[in-house]
Amino acid sequence: ASAGGVKAAASKIEVASDESIGELVVRTPRNATLQLKRQEACPDALREYAAFWNAHPEWFVRLGLKLAWEVTRGPESPVSGYISLLRTDVRQNPGGNQWTEDDLATLAYPPVAQSAQRQKAAWKRLASDLQSMVPNAVITAELKVPLIRS
């Protein structure tokens, strides 16, 4: 569905009513979702990233890497429909911190600003690791991906 230029999923039933509690609302085929299993080995499609994958067992790093890879696949990806719903800046930078200095200044809430700064530092370390472990990767050192794979 699209309204006011915003893409989103929409339900044809009221999902918060007492009558709908416990009813199946959405069924998504497993192959149309991004999944990460406990202790999952680096997928074959990402074998050039295996050193980075093995060095970073954090779920958000691995899932972000999977998402970045699926973005590079374009319409061939089974999750391309989901990816198309993401804002362009998120599709181009699925693993990055989206807070700008202006955002943080507008928010004017120091605990969130401090957390965002810690996140930025963590992403910078991850980006450095990626660049050193996989120097010729399609996914760049900033965990950005091209929208069209060359």
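The structure displayed is predicted, hence computed values, not measured ones.
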Quick check: are there more than 12 heavy atoms from other residues, nucleotides or ligands sitting under 6.0 Å from CD of E58? yes
Do S80 and E70 touch side chain to side chain, with heavy atoms closer than 4.5 Å? no
Walk me through whether K66 and W53 qualify under side-chain contact (heavy atoms from CB on, under 4.5 Å). CA-CA 10 Å; K66 281 185 167 189; W53 178 278; 3.9 Å; yes
CG of L126 to CD of Q131, rounded to nearest 0.5 Å, is 13.0 Å
If you look at every heavy atom in [X] and [Y], which pair is closest and at what distance?
{"X": "E40", "Y": "K37", "answer": "OE1-N, 2.8 Å"}
{"X": "N136", "Y": "E48", "answer": "O-OE1, 4.3 Å"}
{"X": "V112", "Y": "L104", "answer": "O-CD2, 4.4 Å"}

I'd like to know if the side chain of [X] and the backbone of [Y] have a donor-acceptor N/O pair within less than 3.5 Å.
{"X": "R47", "Y": "C42", "result": "no"}
{"X": "S77", "Y": "G74", "result": "no"}
{"X": "S115", "Y": "P111", "result": "no"}

Quick one: side-chain contact (heavy atoms from CB on, under 4.5 Å) partners of A45, sequence neighbours excluded?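 Residues passing side-chain contact (heavy atoms from CB on, under 4.5 Å) with A45: W69.
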side-chain contact (heavy atoms from CB on, under 4.5 Å) between L46 and F52: does it pass, once the steps are laid out? CA-CA 10 Å; L46 295 170; F52 181 77; over 6 Å; no
